[in-house]
Amino acid sequence: FFIISILVWRNMVRIHFSAMCVGCTFLGMASLATIVGLWTVQLLPSTGTPAEPWNEHRLPDTLVPDYYNITLWPRLQPNIHGLFVFTGNSSLVFKCLRETDLILIHANKLNLTSTDGYVAKLFALGISVAPSIQKTWMQETTQYLVIQLKGKLKAGELYELYTEFVGELADDLAGFYRSEYEENGEKKIVATSQMHPTHARKTFPCFDEPAMRAVFYITLIHDRGTVALSNGMEIADTVLDGQPVTVTTFEPTKNMSSYLLALVVSDYTNVTSANDTLIRIWARKKAIEDGHGDYALNITGPILKFFENYYSVPYPLSKSDQIALPDFYFGAMENWGLVTYRETNLLYDPVISSNANKERTATIIAHELAHMWFGNLVTLKWWNEVWLNEGFASYVSYLGADFAEPSWNVKDLIILKDVHRAFAVDALASSHPLSSKEEDIIKPEQITEQFDTVSYSKGASVLRMLSDFLTEPVFVQGLNTYLTTFAYQNTVGEDLWNHLQTAVDKTGTVLPLSVKEIMDRWVLQMGFPVVIINTTTGQVSQMHFLLDPETTLESYLSRLVNYDTENWERLLNQLTENHEVIPVINRAQIVDDAFNLARAKIIPVTLALKTTKYLSKERDYMPWQSALNNLDYFYLMFTQTEVYEFLQNYTRKQVTPLFEHFKTITEDWYNQVNAIRFACSTGVDECQNLTTSWYRQWMDQTNHNPIHPNLRSTVYCSAIASGGGDEWDFGWLMFKNAIGIEADKLMSALACAKDTKLLERYLGYTLDASMIRKQDASSVIVYIASNPDGQTLAWDFVRRNWVYMFTEYGVGSFNFASLISGITKTFSTESELEQLLQFKSDNSEIGFGSGTAALEQAIEKTKANIKWVAENQREITDWLMAESA
């Protein structure tokens, strides 16, 4: 039998192995009808609703916005109370769709100015008279300003709602917020924004739902000498009488969702390119002067042009601004016309940035620019279909980056970075469908939870599969009519399926079922199948793949299958005799499939391990990375056991030839990093001596770093791990003086220390924003937890500080989902499971926010790990002992 995962069936059926696989390609393609036909649909139960409208988390369908006229004035110096604030006013013009005596509008953490006892004023713009206001109040639980009226608003009429307010320009990375950095010894303040997904309401009262599209007229008041930016182009700068400020007005935005609004006030500068579209890259002055924005500028134009051709829709805006921020929660945000990034994701320094940093910059820029059409021009109606927005941008980001950098072969990396990632999470019983029911995703924390591996990576993988079996010309034809039909509107996922179906029908493409019927089976239920192909009989069957096969899930059809190991043995023999006969992507997939199937007890664990034996002769990146990703699970499970020594011996034996091949700089920098990282971590003396000497040379001459940018993360970690306090203190000093990419590399390397006192000190820094930025705190804790010497320290630290982190320090800045999953990934004992359950119980009242699903997954994973270790430890130990002798 030859077993494949359907998400990558196109790649796998390309394998041709003499007599073994004659007809594999035909069977793989012909069986698509069987594959999609077996997958069933799961529906979720609905929930009840509160009685009063202001207790509902969704807006009523009585009012829709037309446009906002907003003026904001951020103060970049603290007031007499030591607070940074912003003041503002908003005029919202809205239309009444159905008669009502109630206005509900989102507002959160705003101090609204009261006039005549009310915090808002209402005017009629038509022939009718606006009803008087009876009562106004803030409903904190649902984040509403509630306005009860003495009379009814009339259907079809336009009204204007005026408010004035003060908000805190806090450092919480949400809404209109404050970012800080130092330049030439001087502290600098940036006022910037993150409205996505539900933070526009923290900046001004608004209908803060994706379907409530409107035009935004923005005016920013700011200190002279600073620059103001927003979605639209600046159209006028004036002076406010008697004030040392500038008043900047912007062209009105397109009709768009509130979460896409962006505001920035800074003393940044930019590099500019003005061909068909004005492109500007904004950053700190020194970063721009040093050329760190040049790469982003050079590739933005080609990527925009690629997407214009891909969608067959012109770029809809007058300019494309992209800005690098010192403090930013996400990696980047697709605000329409003003895309915001973490500095490390937009800026590229050819002196200190690695090729991996360059590739990341290209793919993230492509991801965000893809949204300018898919997500911004046409927006999903509600957050229950986040996956379609983010999965699509993730998929086509590889296409855009490949167009900008065709020599990289970046499209192949979706297998490692998204397909395999999706498999790991979606094989859990605690996974979730790509789409949820709209009524089940209503609270801000539920919305935030949707932005996870399933939405991004499985979403990208499923859409890649869809494009493959439709063919790209049919896929993009459907995209074009979808985008042109629904421009400046909101949709549901079914609208896309309908347009793709129209393209299928027009081109005469033959499918076993309709596009909707095929996609519903992937979108409305979680998980993925294992497809079993018997190349002798031509029989095709499938079963729902679960890492714990004893888990029972209703509404899934599973079946018992007898497995024949003959085909596996043929594969192993081919890998040993001449692995290059098998395409490189398929070599990577063979390894990954084997380990996943072994985790699910479908094949023996030793059979999976055998797929790594040929690696001593492998030089390509993807098979090695696939193997190392899977062996990483063995390291997580066995680091504190006797198995660890044998695992180290075996890995060292396999990686030493790779290290010998790559110990001098070569073109395949991906695998050179793997070679040095694992050679050093498994104790290859020559590797450790090499990294230690490089780091010592840098310590002796701080103005000259001899370490190649591609290798710095690996070398820093290795040297700090094998060193002591001097190496760590030097790394910390360099980290505090570094910015952007170099700071990120040092920040992760400092967690590699063996000295627990150093690690405890580092953990303490994560709750001090002067030492570790809030945006980086959860990452540092996870880095330390990934170090065997720091795992327990990090877990104890989180348990001890959870209430403070969750309710005060980390609000808006901590990624609680990644924090929980990162700290618990090594858990494999009954004691750790008890601690995890106790942690859940102890904090059940304050909750876990965006980490709620991650906690449930951690409990499930820990139970599965305990079972897996008990069942496999002896067999793995014996195999490793024999193979590493």
Side-chain angles (χ1 to χ4, degrees), residues 5 7-12 14 295-296 298-311 322 330-332 334 339 341 345-346 348 354-375 387-424 434 451 453-476 478-479 496 583-586 588-589 592 620-623 625-626 629 668-670:
S5 300
L7 285 179
V8 289
W9 68 271
R10 180 189 67 160
N11 287 325
M12 292 304 294
R14 286 179 178 168
Y295 179 67
N298 291 338
I299 65 170
T300 294
I303 291 174
L304 281 175
K305 186 59 66 177
F306 168 79
F307 283 125
E308 283 188 318
N309 294 331
Y310 184 76
Y311 296 123
Q322 298 177 92
F330 292 99
E334 67 269 17
V339 183
Y341 295 81
N345 292 334
L346 183 64
Y348 173 77
S354 68
N355 288 13
N357 300 137
K358 193 174 188 180
E359 177 217 299
R360 180 167 174 79
T361 294
T363 52
I364 290 180
I365 287 175
H367 179 109
E368 302 310 322
L369 296 183
H371 278 308
M372 300 300 108
W373 290 264
F374 200 101
W387 80 271
L388 193 50
N389 193 26
E390 296 302 341
F392 182 87
S394 296
Y395 164 52
V396 299
S397 69
Y398 291 97
L399 309 185
D402 183 70
F403 179 81
E405 297 284 3
S407 65
W408 291 357
N409 296 320
V410 71
K411 285 195 287 190
D412 292 345
L413 296 182
I414 192 173
I415 300 295
L416 294 174
K417 295 189 174 184
D418 285 300
V419 176
H420 290 181
R421 266 186 89 207
F423 285 162
L434 283 167
F451 295 86
T453 300
V454 170
S455 292
Y456 282 79
S457 293
K458 183 181 179 181
S461 304
V462 166
L463 290 168
R464 171 179 175 268
M465 178 190 72
L466 174 60
S467 177
D468 285 349
F469 73 71
L470 292 181
T471 73
E472 188 173 275
V474 175
F475 185 68
V476 296
L479 279 179
L496 178 60
V584 64
I585 290 180
N586 302 120
Q589 193 63 40
D592 191 70
D620 279 308
Y621 166 72
M622 292 188 68
Q625 190 61 48
S626 181
N629 287 346
D668 188 359
W669 55 271
Y670 283 113

Which heavy atom of [X] sits nearest to which heavy atom of [Y], and what is that distance?
X	Y	result
His371	Glu390	NE2-OE1, 3.2 Å
His420	Ala588	CE1-O, 4.1 Å
Ser461	Ala422	OG-CB, 4.4 Å

Sequence neighbours excluded, which residues qualify as side-chain contact (heavy atoms from CB on, under 4.5 Å) partners of Phe306? Tyr310, Leu399, Phe403

Worked verdict on Ile365 versus Tyr341 for side-chain contact (heavy atoms from CB on, under 4.5 Å): CA-CA 9 Å; Ile365 287 175; Tyr341 295 81; 3.7 Å; yes

Let me see the working for Gln589 and Ser626 under side-chain hydrogen bond (donor to acceptor under 3.5 Å, both in side chains), right down to the final yes or no. CA-CA 8 Å; Gln589 193 63 40; Ser626 181; over 6 Å; no

Return the orientation label for the Phe475 and Tyr395 ring planes: parallel under 30°, perpendicular over 60°, tilted otherwise. perpendicular

Below 30° counts as parallel, above 60° as perpendicular, anything between as tilted: where do the rings of Tyr311 and Phe307 land?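 Because their plane-to-plane angle is under 30°, the rings of Tyr311 and Phe307 count as parallel.
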
Contacts of type side chain to side chain donor-acceptor pair (under 3.5 Å), residue Glu405, not counting sequence neighbours: Tyr295

Would the distance check show the side chain of Thr361 and the main-chain N or O of Asn357 forming a donor-acceptor pair, the cut-off being under 3.5 Å?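 Between the backbone of Asn357 and the side chain of Thr361 there is a qualifying donor-acceptor contact (under 3.5 Å).
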
Give a yes or no answer on whether the side chain of Ser457 reaches the backbone of Val454 with a donor-acceptor pair at less than 3.5 Å. no

In terms of side-chain geometry, is the basic nitrogen of Lys417 or Glu359 positioned less than 4.0 Å from the acidic oxygen of its partner?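 Salt bridge flag = yes for Glu359 with Lys417.
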
